[in-house]
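The sequence lines fix the lettering, A, B, ..., with proteins before strands; numbering per chain opens at 1.
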There are 2 protein chains.
Amino acid sequence: MTDCSSCVVRNRAICASLDADELLLLGKMGRRQRVKAGHTLLWEGDDAPVVANVLDGVLKLVVATADGREQIVGVVFPSDFIGRPFGKTSPYSVTAMTDAEVCIFNRNSFDTFASSHPDLQQKLLRRTLDELDRARHWMMLLGRKSASEKVASFLLEMSERLSGQGCDAGTLDKGFELPFGRQQIADILGLTIETTSRQLTKMRAQGVLDLPSRREVVINDRAAMVVMAG
Amino acid sequence: MTDCSSCVVRNRAICASLDADELLLLGKMGRRQRVKAGHTLLWEGDDAPVVANVLDGVLKLVVATADGREQIVGVVFPSDFIGRPFGKTSPYSVTAMTDAEVCIFNRNSFDTFASSHPDLQQKLLRRTLDELDRARHWMMLLGRKSASEKVASFLLEMSERLSGQGCDAGTLDKGFELPFGRQQIADILGLTIETTSRQLTKMRAQGVLDLPSRREVVINDRAAMVVMAG
DNA sequence: CGTCTGTTTGAGGCTTTTCAACTCATGTGG
DNA sequence: CCACATGAGTTGAAAAGCCTCAAACAGACG
């Protein structure tokens, strides 16, 4: 069992809708689990037996074709919800991009619990609606944007989502550290690793950004970046 | 007010979770509205004051860039739900692709009603989760599939979704009529109208399909089509 | 110091887009 | 009834953009 009252994402995750008693009940169902970077929590097509909350780290949702092409269809951060409630096989794999920690629930137990806790279900609905908006926004990027627009859009979104992480939520840092490498950026944007790399180099040459190290990005000219994002 | 008990989508839409009394209450809030093909119900970025159920016809959800490129991020059929509950501006435009009829609710009233009807909310949650899965599946298509794979995938999906429409749900018709033209297919697949047209012509030349008229498609060799879909 | 992994860079080729012309079905007015 | 305009779809040629393959490079680590 898990002690929810001291949970790091207690107030941001869907659990935030629950009172002390309910939290205790949910806590009995959940258990914390560490996932090492690169390890896969859920496999695409499997009858996924669990749902989970992310406590720490970053995970990716991946869809693959038979011949091995991969597309990242979602990136989840702490307090985000993972999995497919209500009895469906997982339509994507969930893999840790960094060392991560999640709070896992048996799906059937969770479904039952959710059904009798409308507030929790509403929180889940809101979250799912937001995810859907984000996914549809991303569809525009994948279908209609050029490589440079894709990279610019990606950096701006990451800058926003990663800034929300720390204590000083709200302020946009100029610099931030990406939790993933070039290949994964490419898999998010529907590009190859080479094209991604070239676009970044071009932007650095233009002075719009700096790349102090492999995973660090500093946005020098956010306005220009917004224009490039299309 | 609307008479829900005789509604054509009564048993398929989210309303299916409601009993007679609740239905009457919801019916007082709703009103039927016709939308002519080409007319837009909701504009991207607008503070959308309504949500709706589709009664008849087909509508598209569109995201556009500043310079006019369009990506269709969703297609909704009868019994599907439209709109963004819980107080957000609409992240996309909703436009009728055929003459359509919808059952409209004031969003605030609907939100309130939903909050006090967990069954309705759960139906909405399930629907949203399904939409999210569909959207993510589509992201793979947009990001990683070739033009011919895109067209083949599209035709297969449309064949399935349009077959579900009639009385004989479940059986896959070889032939069906698309509710949209070439440009709109292109906007769904993230291609140009020319590329779309060329792929269709190529498939016809290969004998995989027939194109009896502009909007009709007959799939001759479904197995081959599945292979082509990647 | 050498190896390993991840990234950058280069050259060439292929797919898709772009631009333009043409076809075909439909509808309108003379 | 026919000439003509109209809009959607098809086809062709050329160009652009992105991908593929290959090689060089950089940082981390034993």
Side-chain angles (χ1 to χ4, degrees), chain A residues 36-38 60 65 67-72 95 97-99 140-155 177-206 209-217 228 230, chain B residues 37-38 60 65 67-71 97-98 140-155 177-206 209-217 228 230:
Chain A
K36 279 226 178 306
K60 61 178 177 180
T65 54
D67 61 340
R69 284 170 284 175
E70 292 197 348
Q71 175 69 45
I72 295 182
T95 303
M97 304 179 92
T98 64
D99 285 347
M140 146 58 73
L141 175 142
L142 291 171
R144 291 297 186 205
K145 291 195 176 178
S146 68
S148 53
E149 288 172 327
K150 283 180 177 181
V151 172
S153 304
F154 166 79
L155 292 174
E177 185 175 339
L178 294 171
F180 20 67
R182 295 288 184 271
Q183 180 61 61
Q184 291 173 328
I185 300 177
D187 286 343
I188 290 174
L189 298 176
L191 296 172
T192 58
I193 185 174
E194 296 94 331
T195 305
T196 307
S197 175
R198 273 185 255 270
Q199 295 301 331
L200 286 169
T201 320
K202 204 172 72 183
M203 288 182 184
R204 187 182 46 186
Q206 293 170 345
L209 55 76
D210 284 329
L211 303 166
S213 77
R214 285 189 170 178
R215 302 200 160 194
E216 280 177 283
V217 180
M228 279 202 288
Chain B
K60 61 178 177 180
T65 53
D67 61 341
R69 284 170 285 175
E70 291 196 349
Q71 175 68 46
M97 304 178 94
T98 65
M140 146 59 73
L141 176 142
L142 291 169
R144 292 296 185 204
K145 290 195 176 178
S146 70
S148 54
E149 289 173 327
K150 284 180 177 182
V151 173
S153 305
F154 167 78
L155 291 174
E177 185 176 338
L178 293 171
F180 20 67
R182 295 288 184 271
Q183 180 60 62
Q184 290 172 330
I185 300 177
D187 286 343
I188 290 174
L189 298 176
L191 296 172
T192 58
I193 185 173
E194 294 96 330
T195 306
T196 307
S197 175
R198 273 185 256 267
Q199 295 302 329
L200 285 170
T201 325
K202 202 172 74 185
M203 288 182 184
R204 186 182 46 186
Q206 292 169 345
L209 53 77
D210 285 328
L211 303 166
S213 76
R214 289 191 166 177
R215 301 202 161 192
E216 279 177 285
V217 180
M228 279 202 288

Asks: Taking A:Thr192's backbone N and O only, do any of them form a donor-acceptor pair with A:Thr196's side chain (distance below 3.5 Å, no angle check)?
Replies: yes
Asks: What is the distance from CG of A:Leu211 to C1' of C:dT7, rounded to the nearest Å?
Replies: 11 Å
Asks: Please report the distance, rounded to the nearest Å, between CG in B:Leu200 and P in D:dG9.
Replies: 11 Å
Asks: Counting only side-chain nitrogens and oxygens, does A:Ser197 get under 4.0 Å of the OP1 or OP2 atom of C:dT9?
Replies: no
Asks: To the nearest angstrom, how far is A:Ile193 atom CD1 from C:dG10 atom C1'?
Replies: 16 Å
Asks: Who passes side chain to side chain donor-acceptor pair (under 3.5 Å) against B:Ser148, sequence neighbours left out?
Replies: B:Ser146
Asks: Has A:Lys150 got a side-chain atom pairing as donor or acceptor with A:Leu189's backbone, closer than 3.5 angstrom?
Replies: yes
Asks: Under 3.5 Å, is there a donor-acceptor pair between the A:Ser213 and A:Glu216 side chains?
Replies: yes
Asks: Between atom CG in A:Leu178 and atom P in C:dT7, what is the gap in whole Å?
Replies: 11 Å
Asks: Can you find a heavy atom in the side chain of B:Ile188 that is under 4.5 Å from one in the side chain of B:Phe180?
Replies: yes
Asks: What residues form a salt bridge (Lys or Arg N to Asp or Glu O under 4.0 Å) with A:Arg182, not counting sequence neighbours?
Replies: none
Asks: Bend across the helix from C:dC1-D:dG30 to C:dG30-D:dC1, to 10°, with axes taken over 5 pairs at each end?
Replies: 20°
Asks: Reading DNA chain C from 5' onward, which residue's closest nucleotide shows up sooner: A:Arg204 or A:Gly143?
Replies: A:Arg204
Asks: Which residues satisfy the side chain to side chain donor-acceptor pair (under 3.5 Å) test with A:Thr201, sequence neighbours excluded?
Replies: none
Asks: Using the side chain to side chain donor-acceptor pair (under 3.5 Å) criterion, which residues pair with A:Glu70? Sequence neighbours excluded.
Replies: none
Asks: Rounding to an integer number of Å, can you tell me how far A:Phe180 CZ sits from C:dT7 C1'?
Replies: 17 Å
Asks: Nucleotide by nucleotide, 5' to 3', does protein get under 4.0 Å of the base (B), only the sugar-phosphate (S), or neither (-) in nucleotides 15-30 of chain D, counting heavy atoms?
Replies: ---SSBB----B----
